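These figures come from a predicted structure and were not determined experimentally. By convention in this document, chain letters (A, B, ...) are assigned in the order of the sequence lines, proteins followed by strands, and residues within each chain are numbered from 1. FYI, side chains are in, hydrogens and waters are out, and symmetry mates aren't considered; it's all heavy atoms of this structure.
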2 protein chains.
Amino acid sequence: MTSTMGTRERRRSEVTAALLAAAKRELARTGAAGLSVRAVARDMDMAPSALFRYISGRDELLTLLIVDAYSRLGEHVEAVERAVPRSDLRGRWRAIATSFRGWAVANPHEYALLYGSPVPEYKAPAERTNPSGTRVTNLLAALGMEDATPPPRPSIPHMPDAAELRALAVAADVPTMDGDRLAAGLLAWTALVGAVSSELFEQLGEPVARLDTLFDATVALGEWLLFGSPRDESA
Amino acid sequence: MTSTMGTRERRRSEVTAALLAAAKRELARTGAAGLSVRAVARDMDMAPSALFRYISGRDELLTLLIVDAYSRLGEHVEAVERAVPRSDLRGRWRAIATSFRGWAVANPHEYALLYGSPVPEYKAPAERTNPSGTRVTNLLAALGMEDATPPPRPSIPHMPDAAELRALAVAADVPTMDGDRLAAGLLAWTALVGAVSSELFEQLGEPVARLDTLFDATVALGEWLLFGSPRDESA
DNA sequence: CAATATCGAGAACACTGTTCGCACATCAGT
DNA sequence: ACTGATGTGCGAACAGTGTTCTCGATATTG
């Protein structure tokens, strides 16, 4: 219908874009908790009250930033993963993990917004964050689906038995995946998030230079969880 | 020298204690980012300006809360771990992990303050947080030291080799521990933090009931990283 | 052109952290 | 016991925040 936008419509989308850009700058500068509507307004040379024509309040500003950050993270990880040959499942996992970490260290405040402590008095609306928020975990799920070989089921003592893990699969939205594989994916994922968070939030003491090694170990652990030892495949 | 406290000294320690108690209540209610000096003052029936006789500002209030939270977490985990027979190393690990998670779910805001995204514009002074902040990881380190059997060195592909892991040990402040064991401990620790954070910050979707199972799997993984499979011991 | 919807700005309100000056209570020394 | 010094609480004030409301200007529509 509206093949050409009227000046009003055009200006509105322009201002909306500028608003989001300014908010992203502000987020990258001071972090989520320090994000100020007035500072964003100053950055845009607008009165603070004018911004309320475009956002309902600070909460929606946060929601916009969360969705945007999820999207950019997903875009980044997907692009890196796509460059790996589809048959190299282990390489694809490593690409996901390393690109995830790379984006996190390049965008620490955005990472904190997504995977750090939630902002109090604010609950992100799932219907808006879910589509972009699950992109990277979806990559992991796809990885598990494409792996034709039966999951290695490593012999780990006290590991919950297959029935419990299967129940885990039912509760999540991946009913077609067997429990062992889903558990392996979840373990690899939470371990990855824990390693990146511990590194970024500086909870491990001083050895900054060696964080690479620790991360490599995490990636190797995840790979082993997902695909087992190489000799298992030759067997 | 001052065997008895003068009324001034007494009152000061009383007010300090009440201040910390009120701040803890406020933290448990609204979280770290929503912590308000004025709200604490209201809770104590004092003028906001009066609090500045006891704290230098909001940052020191945060520091106090961080140290206190670390201490209580350490106390809790240490108490639970102490109840396990010293010879049951695996049981001690499980006690550490489960009590860590138990305290986290019971004190989510405190946990977020310690292991979530750091508060912007605020850097916790390491000389004050370190003593209490390393109590639980020290338990883990002690666990590794007491284990006489050589580390199992599980065959994980792409795991950094022994030399790199040893370098990791040198960089950290545990030079007497061999690299494999330290790497295993760090991996178990970051995986634990990742699992608890993912659960508490609700980044895993809906299956709330099954989070226990996922956590059990994380504990089992950590146990395997630290001590290997039981049959390895019989060999 | 007239009616209407949208927009930006400014003032205002209720908050926040923090500083300052002023009364008052307690202390140390003679 | 009196005095000077020190610690303590308070009210006012300043700069900053999120948000609401009104009001004039402007663009769209009939």
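Relative to the side chain of A/F52, the nucleotides D/dT19, C/dT18, D/dC10 differ in distance, and D/dT19 lies closest. For A/R42, the listed nucleotide lying nearest its side chain is D/dT17; candidates were D/dT17, D/dT19, D/dG9. For B/R12, the side-chain atoms get nearest to D/dT8 when compared with the rest of C/dG8, D/dC10, D/dT8. Picking from D/dT22, C/dT6, D/dT6 the nucleotide with the shortest atom distance to the side chain of B/R8 gives D/dT6. When distances run from any side-chain atom of B/V37 to the nucleotides C/dT18, C/dG8, D/dA27, the shortest one goes to C/dT18.
Nucleic acid contact for A/T7: sugar-phosphate only, since backbone atoms but no base atoms lie under 4.0 Å from a heavy atom of the residue. Within 4.0 Å of B/R58, counting heavy atoms only, lie sugar-phosphate atoms of the nucleic acid but no base atom. A/R10 comes within 4.0 angstrom of nothing in the nucleic acid, heavy atoms only. At a threshold of 4.0 angstrom between heavy atoms, the contacts of A/L61 with the nucleic acid are absent. Counting non-hydrogen atoms under 4.0 angstrom, B/S36 reaches the backbone sugars and phosphates but no base.
Annotation: the span from B/D212 atom CG to B/T98 atom OG1 amounts to 11.5 Å, rounded to 0.5 Å.
Atom CD1 of B/I55 and atom P of C/dT18 are 8 Å apart (whole Å). Between A/M44 atom CE and C/dA9 atom P there is a gap of 10 Å when expressed in whole angstrom units. The CE-C1' distance, from B/M46 to D/dG11, rounds to 14 Å in whole Å. Distance B/L51 CG to C/dT18 C1': 12 Å, rounded to the nearest Å. Atom CG of A/L35 is separated from atom C1' of D/dT19 by 15 Å (rounded to the nearest Å).
Between A/G57 and B/D45, the residue anchored nearer the 5' end of DNA chain D, judged by the nucleotide with its closest heavy atom, is B/D45.
Across B/R25, B/K24, B/R38, a single residue satisfies salt bridge (charged side-chain N to carboxylate O under 4.0 Å, His left out) together with B/D43, and that is B/R25.
Counting distance only, with no hydrogens placed and no angle test, the side-chain atoms of A/R53 and the base atoms of C/dG8 include a donor-acceptor pair under 3.5 Å. Contact of B/R38 with C/dG17 (side chain to base): a donor-acceptor pair of N or O atoms is detected under 3.5 Å.
With sequence neighbours left out, B/Q203 forms a side chain to side chain donor-acceptor pair (under 3.5 Å) with no residue at all.
Between B/R11 and the phosphate of D/dG9, there is a side-chain N or O to OP1/OP2 separation shorter than 4.0 Å. Contact between the side-chain N/O atoms of B/Y54 and the OP1/OP2 oxygens of D/dG9 is found at a separation under 4.0 Å.
Side-chain contact check for B/S117 and A/Y111: no donor-acceptor pair (N or O, by modelled atom type) lies under 3.5 Å.
Two rings, from B/F215 and B/F100, have their centers 6.0 Å or more apart.
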